[in-house]
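The structure presented is a predicted model; accordingly, all values stated were derived computationally and were not measured. Each chain gets a letter, A, B and so on, in the order the sequences are listed, and its residues count up from 1.
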Amino acid sequence: MFALVDCNNFYVSCERIFNPKLKNKPVIILSNNDGCVVALSNEAKQLNIPFGSPFFKIQDIIKKHNVFVFSSNYELYSDISFRVMNALLNFSPDIEIYSIDEAFLSFKKFKQNSLTQYCFEIKNKIKKWIGVPISIGIGKTKTLAKLSCEIAKKNPDYKGVFNINECENIEKLFKEIKVEEIWGIGQKQKDKLNKRNIYTIFDYINSDDNWLKINLTIIGLKIKYELKGDICFELNEIPQPKKSIVSSRSFGKDVSNFFELKEAISNYTTIAAEKLRAQNSVTKNISVFIATNRFKKDEPQYANIYTTKLPIATANTGTLIKYAIICLEKIFKPDYKYKKAGVMFTEIISKEKIELNLFEEKNFNDILKEEKLMNVIDKINEKYGNNTIKYLALGLNNLWKMQRNQLSKRYTTNWNEILEINC
DNA sequence: TCTGGGGTCCTAGGACCC
DNA sequence: TCTGGGGTCCTAGGACCC
């Protein structure tokens, strides 16, 4: 049996832990740069604020209904997420952390009824220990657990836990749920299915295998079997190292100046390189992209990406910044107003697998020295805060930086702010 | 004025090999 | 007139997820 644990309105719930005033009030959380709505409390959903809507377009509703607004506080959310996941380990050692606010658990020796009871216990304990409300869905496969969880969230009668195995009339249930509710079926697949008169889960599990495979790929076919209770997607307990790492941001203002762009790219490269080292990897490839504001239709548009192969795979911030800037020089065109830029590492391998290049002067000793330096920098920055030590290329002013005007305190990770809350 | 960021997997088609 | 068959690897782009 699988259970999917999903934190309710996660970002909002994190804010509410430290700010009881927000209870039962409409609350929204904005994306980076205070751009779009990325999380809503139930009260905010009832005001019909759409998920993903641009902040500037909903000012009227915000003012009229006194909606509380916050910038994304990822330091806080990551830390709360870590605590929730750790707490879940008390209930099953078999856990897959699926996203910042979701985890699959698997259970081997439970009887149906007792498992439902057990999940209620999990829900209550997580609320008590950490203060985050959760919903849990139970099923024979991950797809069914995910579906159950959606049902648990939508019907208050279930009080946050739904076990699809206990459903008395599964056929009736499957006839009521539309295909787009299925995990893995998006807009495009929904359109294809509807065109073939497949509208509900019931239709889906009775559709032709061959047609499904040709039109919705092997994944579409696996989903069908998962819905019928055959496991096709296993629990991935061990987090795999990332195969690609991206760091990108929209700017707080338009940027035309090459030097500012260079600063931004150097910053993003630093962030991505830190992630690379954290998983003991190196990259063979680096891409840099820049783009103007696609929403400003009346302004000249330009977007481009340049990829380069590195002579030796590396995770050295200095080397990566050097190549990132070479990439930037290839695509930079003056006189455009840039709104977004980013850095991408795509061919990532374990650092144990570095191969030396015949034509490079570096040897293994050089590489070990570089690695030691990076380790020291990472440790200092971890202890004393981001960018305590940084490359000068990152710049000192960073006028292009994103805006986070509504940021709450880093209640759990910043010592000064912890003192503040306790006082 | 103001529109996010970071991932994964799959497939088709091209290049290349014998 | 008539131009094979089978395989691998790589990449770009699409679709999906949170």
| task | Measure the acute angle between the ring planes of A:W129 and A:F91, then classify it against the limits of 30° and 60° as parallel, tilted or perpendicular. | result | parallel
| With a non-hydrogen cut-off below 4.0 angstrom, is A:K296 in contact with a base, only sugar-phosphate, or nothing? | sugar-phosphate
| task | Using a heavy-atom cut-off of under 4.0 Å over every strand shown, decide if A:I100 touches base, sugar-phosphate, or nothing. | result | nothing
| Just checking, is any N or O donor in the side chain of A:D191 or A:Q187 under 3.5 Å from an acceptor N or O on the other one? | yes
| In whole Å, what is the span from the CG atom of A:L212 to the P atom of B:dT11? | 13 Å
| task | Between C:dA15, B:dG5, B:dG4, spot the one nearest the side chain of A:F295, thanks. | result | B:dG4
| request: With the side chain of A:V246 defined as its heavy atoms from C-beta on, choose the nearest nucleotide among B:dG7, C:dC16, B:dC10. | output: B:dG7
| What is the nucleic acid contact for A:S53, judged by heavy atoms within less than 4.0 Å: base, sugar-phosphate only, or nothing? | nothing
| query | Which part of the nucleic acid does A:F55 contact within heavy-atom distance under 4.0 Å: base, sugar-phosphate only, or nothing? | reply | nothing
| request: Tell me whether the OP1 or OP2 atom of C:dA15 has a side-chain N or O from A:K188 closer than 4.0 Å. | output: yes
| field | Given C:dC17, B:dT3, B:dG5, the nucleotide with the shortest approach to the side chain of A:Y98 | value | C:dC17
| Atom CG of A:N405 and atom P of B:dG4: how far apart are they, to the nearest Å? | 16 Å
| Minimum-distance nucleotide (side-chain atoms of A:T217 versus C:dA15, B:dT3, B:dC10) | B:dC10
| For B:dG5, does OP1 or OP2 lie under 4.0 Å from any side-chain N or O of A:S247? | no
| query | Does the side chain of A:N33 pick up a donor-acceptor pair with the side chain of A:S250 at under 3.5 Å? | reply | no
| task | Measure from the ring center of A:F2 to the ring center of A:W183 and say whether it is less than 6.0 Å. | result | no
| message | Over all strands shown, is A:K339 touching base, sugar-phosphate only, or nothing at heavy-atom distances under 4.0 angstrom? | response | sugar-phosphate
| said: Categorize A:I185 for me: base, sugar-phosphate, or nothing, with a 4.0 angstrom heavy-atom threshold over every strand shown. | reply: sugar-phosphate
| Expressed in angstrom and rounded to an integer, what is the separation of A:I223 atom CD1 from C:dA15 atom C1'? | 11 Å
| query | Tell me: CE of A:M344 to C1' of B:dT8, nearest whole Å? | reply | 14 Å
| task | When you get a sec, tell me which of B:dG7, B:dG4, C:dT11 is the closest nucleotide to the side chain of A:K309? | result | C:dT11
| query | Does A:S244 make a side-chain N or O approach to OP1 or OP2 of B:dT8 shorter than 4.0 Å? | reply | yes
| Are A:S41 and A:N9 linked by a side-chain donor-acceptor pair shorter than 3.5 Å? | no
| message | Go through it in stages, so that I can follow the logic: the residues are A:N165 and A:K140, the test is side-chain contact (heavy atoms from CB on, under 4.5 Å), and I'd like the CA-CA distance, side-chain angles, deciding distance and then a yes or no. | response | CA-CA 8 Å; A:N165 302 298; A:K140 284 181 190 157; 3.7 Å; yes
| If you check the A:K243 side chain, which of B:dG4, B:dC9, B:dG7 turns out closest? | B:dC9
| remark: Quick note, A:K340 side chain, CB onward, closest among B:dG6, B:dG5, B:dG4 is B:dG5
| request: Take the protein atom CD of A:Q189 and the nucleotide atom C1' of B:dT11, then report the distance between them rounded to whole Å. | output: 12 Å
| request: Would you classify A:N293 as touching base, sugar-phosphate or nothing, given that sugar-phosphate means primed atoms plus P, OP1 and OP2, and contacts are heavy atoms under 4.0 Å? | output: sugar-phosphate
| message | Categorize A:Q59 for me: base, sugar-phosphate, or nothing, with a 4.0 angstrom heavy-atom threshold over every strand shown. | response | nothing
| query | Between C:dG13 atom P and A:I305 atom CD1, what is the distance in whole Å? | reply | 10 Å
| said: Using a heavy-atom cut-off of 4.0 Å across all strands, would you classify A:N32 as base, sugar-phosphate, or nothing? | reply: sugar-phosphate
| query | With sugar-phosphate meaning primed atoms plus P, OP1 and OP2, does A:K192 contact a base, only sugar-phosphate, or nothing at under 4.0 Å between heavy atoms? | reply | nothing
| said: Any base atoms under 4.0 Å from A:K213, or only sugar-phosphate, or nothing? Heavy atoms, all strands. | reply: nothing
| task | May I ask you to verify if any side-chain N or O of A:S250 is less than 4.0 angstrom from the OP1 or OP2 atom of B:dG5? | result | yes
| message | Once you measure the plane-to-plane angle for A:Y11 and A:Y77, does it fall in the parallel (<30°), tilted (30-60°) or perpendicular (>60°) bin? | response | parallel
| message | Here's a test of your reading of the structure: between A:D254 and A:I218, which maps to the more 5' nucleotide of DNA chain B? | response | A:D254
| said: Checking side-chain polar atoms at under 3.5 Å, does A:N304 have a donor or acceptor matched by the opposite partner on A:Y306? | reply: no
| request: Name the pairing partner of C:dC16, where a pair is Watson-Crick or G-U wobble with both distances under 3.5 Å, or state none. | output: B:dG7
| task | Let me know the distance between NZ of A:K222 and P of B:dT11, rounded to the nearest Å. | result | 9 Å
| note | Residue pair A:V38/A:K275 against DNA chain B: nearer the 5' end by closest nucleotide is A:V38
| task | Please state whether the phosphate of C:dC18, meaning OP1 or OP2, lies under 4.0 angstrom from any side-chain nitrogen or oxygen of A:K146. | result | yes
| request: Give the nucleotide from the list B:dT3, C:dC18, B:dG5 with an atom nearest to the side chain of A:F56. | output: B:dT3
| Length of the OH-P vector between A:Y11 and B:dG6, whole Å | 12 Å
